[in-house]
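In what follows, a structure is listed as structure tokens, so that the remarks can point back to it.
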Amino acid sequence: MNRISHWVDNGVRPGVSGRSAPVHDPATGEVSAHVDLASTAEVDAAVSSAAEAATEWRETSIAARTRLLFRFRELVEANRDELARRLSAEHGKVLSDAGGEVARALENIEYACGLAELLKGGYSEQASGGVDVYSLRQPLGVVAGITPFNFPAMVPLWMIPNAVACGNTFVLKPSEKDPSAPMFVAELFAEAGFPPGVLNVVNGDAEAVNHLLTHPGIAAVSFVGSTPIARHVYTTGTAAGKRVQALGGAKNHMVVLPDADVDLAADAAVGAAYGSAGERCMAVSVVVAVGDVGDALVDAVAARVDKLVIGPGSDPDSQMGPLITREHRDRVAGYVDAGEQAGARVVVDGRQKRFDGDGFFLGVTLLDHVTADMSVYTDEIFGPVLCVVRAETYAEAVGLVEANPWGNGAAIFTRDGGAARRFQHEVSAGMVGVNVPIPVPVGYYSFGGWKDSLFGDTHMYGPEGIHFWTRGKVVTSRWPDPATSSVDLGFPRNH
Ligand code: NAD
């Protein structure tokens, strides 16, 4: 049986806690590996290694750091298929989708390769007579990332390249459900030539997370996962004096106005709702059909859904793979039961679809006439279930988005530029799509939601990422002539 351990000082560090968790191949239901779960002492060892590396790493020149990041970028590029294969084998997503995840991860490494520009400060000559003022951004020290199962390569790479580019050393605690991809990332990182301890990986569960959150050696924590855990990470980490950004769950609405192109909107809704089996934080889980577009849109979505090919991620014909665990699959099916009982119309019933073997497969479901009081609407399902809510007017549709506790992404489909502009101006979401259903910002913007989709004030990666991983310092400098020096007890004023 394959065993997945920790990664410390550029090598595999076998776990000694005596605790482990099974890792599954979701397409067969079989256990493919066991992952070691770190004890607090093992977390301490990883943090100590990172602390030891931090002193030299922050002194490493921008030029040297840049070269290492470029080499890392080349290695990830050269191994993109293998990385996609490893993450698909434990996550279940289809290979083409896994390839897209790696492509978006590469974007973030490429952004970090520009650290020479990103870390430039400002300089004001002669701010006062003979006085110059300049600003620096400096690393925080040892920082930590805690990541979810649904993007096992991309989300760690939202964090690591920018954090180390800024001069920090990094301890990653990936999801225990699919740890092989982040371990492979760590191998490639070492192969690129990064010194031991700049990136350590501790596999584990709540015990490791909670220890990182209160560990005096950790300066900042970046978290991505579900809202209850994000809230816990934010309150615990900040109470321990750390800088924390904690990205949570979502319920993303796609508003379709009566003038929208129905085929275009249906294509977009199907891709965004069922891609990666709905296990994306930017998945569209609610379509709000405004006015008389509803019937045509539901018919168009249903016609497309019938043709979807569901199967193992490794099969090039599959468009959608299994869910992450058996329990999660059953939980998602339970939501469909609850929606039906509450009065939603089951247009396509994923529960009826039969699959060979013991994989964690579930067919896709389309629910129409969903209302805001149903659990299929109020909860994040995180599965292949699309809810259609009918609204009479644009204002009613936007009212739904506003009343929702999450605010990760929101999209509008229309031909009306004025309506689209009004929507992007007034909607309470961190990422807005205009005829784009999954508006994940490119690596040189920043990613993050509003409301219960993000705790903290800094979004992930891009310019806000660089800000998160550094702290500012302003230097006021004077080189006076000793002959003109005198004692002055007044508050310094500029002249
Ligand atoms: P999760 O919250 O269960 O786990 C995330 C991380 O927290 C994992 O590393 C896990 O080991 C750890 N964890 C789990 N329970 C914990 C506990 N009680 N105490 C301390 N740590 C704990 O999330 P998941 O199921 O892995 O991922 C899916 C969720 O992540 C969804 O809600 C999805 O919307 C969200 N997500 C959000 C974004 C975003 O950018 N906003 C991106 C991806 C995923």
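Keep in mind that the numbers below use all heavy atoms, side chains included, and drop hydrogens, waters and symmetry copies. Both ligands and their constituent atoms are indexed starting at 1 by order of listing.
Here is the list of ligand 1 atoms found below 4.0 Å of a heavy atom in Asn408: 41 (N). Set against the non-hydrogen atoms of Phe447, the atoms of ligand 1 under 4.0 Å away are 39 (C), 40 (O). The ligand atoms of ligand 1 that sit less than 4.0 angstrom from a heavy atom of Trp158 are 40 (O).
When all heavy atoms of Pro152 and Leu87 are compared, the closest pair comes out as CG-CB, 3.8 Å.
Every N/O-N/O distance between Asn150 and ligand 1 stays at or above 3.5 Å. Every N/O-N/O distance between Ser453 and ligand 1 stays at or above 3.5 Å. On a distance-only criterion, Gly249 and ligand 1 share no N/O pair closer than 3.5 Å.
One option in Asn210, Thr325, Ile229, Leu37 has a heavy atom closer to atom 16 (C) of ligand 1 than any other, and that option is Ile229. Closest heavy-atom approach to atom 35 (C) of ligand 1 within the set Pro148, Gly225, Ala230: this belongs to Gly225. Checking Ile146, Val224, Val155 against atom 5 (C) of ligand 1, the nearest heavy atom belongs to Val224. Of the candidates Glu176, Met460, Lys177, it is Glu176 that places a heavy atom closest to atom 11 (O) of ligand 1. The residue from Phe151, Trp406, Phe149 that puts a heavy atom closest to atom 24 (P) of ligand 1 is Phe149.
Between the side chains of Asp36 and Ser5, a donor-acceptor pair is found at a separation under 3.5 Å. Judged purely by distance below 3.5 Å, without hydrogens or angles, the side chains of Thr227 and Asp452 never pair a donor atom with an acceptor atom. Side-chain polar atoms of Glu279 and Ser276 form no donor-acceptor pair below 3.5 angstrom.
For CZ of Arg351, the number of neighbouring non-hydrogen atoms (other residues, nucleotides, ligands) closer than 6.0 Å is greater than 12. Around the CD atom of Glu426, the shell of radius 6.0 Å holds more than 12 heavy atoms that belong to other residues, nucleotides or ligands. Within a 6.0 Å sphere centred on CD of Gln319, other residues, nucleotides and ligands contribute more than 12 heavy atoms.
The protein atom (non-hydrogen) at minimum distance from atom 7 (O) of ligand 1 is Phe223 CE1, 3.4 Å. For atom 19 (N) of ligand 1, the closest non-hydrogen atom of the protein is Ala206 CB, 3.5 Å. Summary of contacts: the protein heavy atom closest to atom 32 (O) of ligand 1 is Glu380 OE1, 2.6 Å. The protein heavy-atom contact nearest to atom 36 (N) of ligand 1 is Cys281 CB, 3.5 Å. Annotation: atom 3 (O) of ligand 1 to nearest protein heavy atom, Ser226 OG, 4.0 Å. The protein heavy-atom contact nearest to atom 8 (C) of ligand 1 is Thr147 O, 3.3 Å. The protein heavy-atom contact nearest to atom 28 (C) of ligand 1 is Phe382 CE2, 3.5 Å. In terms of protein heavy-atom proximity, atom 20 (C) of ligand 1 is closest to Val209 CG1, 3.5 Å.
Under a 4.0 Å N-O distance rule, the pair Glu327/Arg331 does not qualify as a salt bridge.
The aromatic ring centres of Phe223 and His232 sit 6.0 Å or more apart. For an aromatic pair to be called close, the ring centres must be under 6.0 Å apart, and His24 with Phe360 satisfies this.
Phe382 and Phe149 have perpendicular rings, their planes meeting at more than 60° on a 0 to 90° scale where under 30° would count as parallel. Using bins of under 30°, 30° to 60° and over 60° for the plane-to-plane angle, the ring pair Phe447/Trp158 lands in the tilted bin.
Cation-pi check for Arg231 over Phe455 is not met; the charged atom does not lie both under 6.0 angstrom from the ring centroid and within 45 degrees of its normal.
Using a 4.0 Å threshold on non-hydrogen atoms, atom 40 (O) of ligand 1 counts as touching the protein.
For the ligand labelled ligand 1, residue Gly449 lies outside the 4.0 Å heavy-atom shell.
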